[in-house]
Amino acid sequence: MIRSLPSNRSYSFGFGLYIVLFYLFLFAPLLVTCVLAFNDSDFPALPWKGFTLDWFTAETRDRVGIFRDQANLTSIWVSFQTAFFVSLLSLVVGTMGAFLFEQERFRFREGLYFLALAPLVIPGVILGISILLTANGAGLLLEERFGLDVELLRPSFWLVVLGQFSFITTFVLLVVSARLKKFDTSLEEAALNLGAGRLQVIWLIVLPFLRPALIGAGAVAFLMSFENFNTTLFLVGSDTTLPVNLYLQVRDGSTPVINAISFLLIIGTSLMALLSLFFRRR
Amino acid sequence: MSRGGRLGLYLFLVPVLLWLLLLIVIPHIDLLVMSFRGEDDLGEPVWTLANYINFFGDSIYWLTFARTAVYALLVTFLTFVVTFPVAFYITKVARVRYGGLLLILLLMPFWVSELVRVYGWMILLRESGVINHFLLSLGLLDRPVEFLYNDATMIMGLVYTSMLFMAVPLISSLEGMDDSLIEAAHDLGASRFTIFFRVVIPYIAPGITSGSIVVFMLTLGNYLTPNLLGGKNSLWFTEQIYNEFIASFNWNQGAAFGFLLLLLSSAFIWIGLKLSRQTLGRTLT
């Protein structure tokens, strides 16, 4: 049954077999995607026709590898920029929210806290369309009243940033709050007794204490933004992010270049995951 | 206790209020308002119930809605059934070090974009896919079969995408459970099924609730997986919303659909929280 109890052979064997099958199920699609990125065939399918790096580096009439594929490279760059701004913004506002809800007492605190958690349980598609509606409404109003044309309010890079920020901030808030709860307030009291101001205490004592949580939340916020699809789909303008761009390609048929991009993403995110684990251990 | 007086409070309150008002509260009010707007015969904007009447009047809409709700429930249940043994194995059965490794392996695929994972399933399952290739060369099939674009594959894909969000709360609940509870039940002669239903399940009920809420919400709101694996006849309600917004450009109708989906998702979460006597704050942390 469990470690400390004796168990019969068939139970252990059956359980072990299930675990093996589960991990096979878990990794099969990723492994196949990676392997076929190196197949010397024009379609991402078997049979194996030999090893090639064409889908990464080639620049012939039939084959353009990812490193030469301007459209995909641009969308990767757009996703990087989006993720950078989203993680920065949500880290700042999420941390402020953690201070607000953990350390301040004010009226309607419970209600506001509930509202701050809501974005994580609102389907991403709904967030996308409702922000699109509001931005569009505000844009029309400004144009009619003042003749202003605000790019931010049309589907665009910054609208995507705002849309992703709207729910990733809640995630940051939860992670930072969890760490802030463990903060020993006597440290803060000591600093206040010695004449430090509130902001000095936060900057010199509380933020360094929060650092692991801030790094962890920042990394996950970056990844959440980088791979967001549902909310982005409705807010994206001419600067398509990588997931939206890949979706359009996958929907219309596929080439091994998509495998090559997937391979790079899998390697990149695995490295990031290992790094964050390494930091957490220390 | 409030520290640092008013200044500190406002410094933190203002950005948080701006975030919640401008990006959450006002957009959702707009969504609700838009869903009750429409045009009369002369093209003038008016208040109307037409968008909701359309929803209930046309069976394709409400059938898709009901279908999405039922399938999302099924996916939530299946996700629990598939991940529970793994969570149990990692926390209670495997040797401690080995369990840590299995946990890292379990989390890793979910750091990769959902699109990449769905794409992986597409090249495995399609007519010219890898699985067909193996079945043909083993002589199990005479000609390739299309495994994509049906409900079973779509549900499998949704379960695959959701597993992490069930596994993490289950594992943390199981980690908090003292092994001696199971040992005591075993010593008193309880069978495995009794231990499972009478000891383990009640103990990890809060974890099951958290996992189910998140999985249900994400499945209901998923667009990518039903769209790419489900094909034409597997309509998912988010696809209807997308069609109204992007293809038909009927934002009022789309807003009504969006609001109905939001209502369904919130109702399920509320019921889940009431049944397990939890609050949203405790469930998410």
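Quick note: numbers below take in every heavy atom, side chains included, and nothing from hydrogens, waters or symmetry partners.
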Problem set entry | A:Y18 atom OH, over 12 foreign heavy atoms within 6.0 Å |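 For A:Y18, atom OH is crowded (more than 12 foreign heavy atoms under 6.0 Å).
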
Exercise. Counting heavy atoms not belonging to A:R107, are there more than 12 under 6.0 Å from its CZ?
Worked result: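 No, CZ of A:R107 has 12 or fewer neighbouring heavy atoms, counting only those of other groups under 6.0 Å.
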
For this session: Apply the test side chain to side chain contact (heavy atoms under 4.5 Å, CB included) to residues A:E227 and B:W111: give CA-CA distance (whole Å), side-chain angles for both, the deciding distance (0.1 Å), then the verdict.
Result: CA-CA 9 Å; A:E227 60 192 51; B:W111 290 74; 5.7 Å; no

Exercise. Parallel under 30°, tilted from 30 to 60°, perpendicular over 60°: which one fits the rings of B:Y223 and A:F229?
Worked result: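 Parallel: the ring planes of B:Y223 and A:F229 meet at under 30°.
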
For this session: Return the orientation label for the B:F245 and A:F234 ring planes: parallel under 30°, perpendicular over 60°, tilted otherwise.
Result: perpendicular

Interatomic spacing from [atom1] in [X] to [atom2] in [Y] - rounded to 0.5 Å:
X	Y	atom1	atom2	result
B:D30	A:T134	CG	OG1	3.5 Å
A:L246	B:S113	CG	OG	7.0 Å
B:L9	A:Q103	CG	CD	12.0 Å

Which answer fits [X], side chain, backbone, both or neither, if we ask what part of it has an atom under 4.5 Å from a heavy atom of chain B?
X	value
A:I19	side chain
A:I131	both
A:A116	both

Can you confirm whether [X] sits close enough to [Y] that some side-chain heavy atom of one is under 4.5 Å from a side-chain heavy atom of the other?
X	Y	value
A:P123	B:L262	yes
A:E104	B:Y10	no
A:F101	B:F12	no
B:L102	A:Y23	yes
B:N222	A:V125	no
B:N227	A:Y247	yes

Quick one: of [options], who has the most non-hydrogen atom pairs under 4.5 Å with chain A?
options	answer
B:G221, B:P27, B:G120	B:P27
B:Y242, B:F134, B:F110	B:Y242
B:M122, B:E114, B:M156, B:R126	B:R126
B:T91, B:L22, B:L220	B:T91
B:N132, B:L17, B:V82, B:I269	B:V82
B:I24, B:L224, B:L31	B:L224

As an exercise: rank [options] by heavy-atom pairs under 4.5 Å with chain B and give me the winner.
options	result
A:S270, A:G124, A:A135	A:S270
A:L132, A:L36, A:I261, A:V201	A:L132
A:I129, A:L30, A:T33, A:V93	A:I129
A:V92, A:N136, A:T95	A:N136
A:L265, A:I122, A:V175	A:I122
A:N230, A:L26, A:L112, A:N228	A:L26

For this session: Quick one: do A:I126 and B:H28 satisfy side chain to side chain contact (heavy atoms under 4.5 Å, CB included)? Show the steps, please.
Result: CA-CA 9 Å; A:I126 311 286; B:H28 285 87; 3.9 Å; yes

Problem set entry | Under 3.5 Å: donor-acceptor pair, side chain of B:W19, backbone of A:S166 | yes

Exercise. Do the side chain of B:Y119 and the main chain of A:I258 share a donor and acceptor less than 3.5 angstrom apart?
Worked result: no

Exercise. Which bit of B:L106 comes within less than 4.5 Å of chain A, counting heavy atoms only: side chain, backbone, both or neither?
Worked result: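 When you check distances to chain A, atoms from both the backbone and side chain of B:L106 fall under 4.5 Å.
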
Problem set entry | Residue B:L32 versus chain A: region with a heavy atom under 4.5 Å |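 The answer is neither part of B:L32.
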
Problem set entry | Criterion ring-ring contact (aromatic ring centres under 6.0 Å, His included) against B:Y160, the qualifying member of A:F25, A:F27, A:F22 | A:F25

Exercise. What's the verdict on side chain to side chain contact (heavy atoms under 4.5 Å, CB included) for A:N259 and B:I123, showing C-alpha distance, side-chain angles and the deciding distance?
Worked result: CA-CA 10 Å; A:N259 293 58; B:I123 54 180; 3.5 Å; yes

Problem set entry | Test log, rule side chain to side chain contact (heavy atoms under 4.5 Å, CB included), inputs B:L11 and A:L199 | CA-CA 10 Å; B:L11 183 68; A:L199 294 181; 3.7 Å; yes

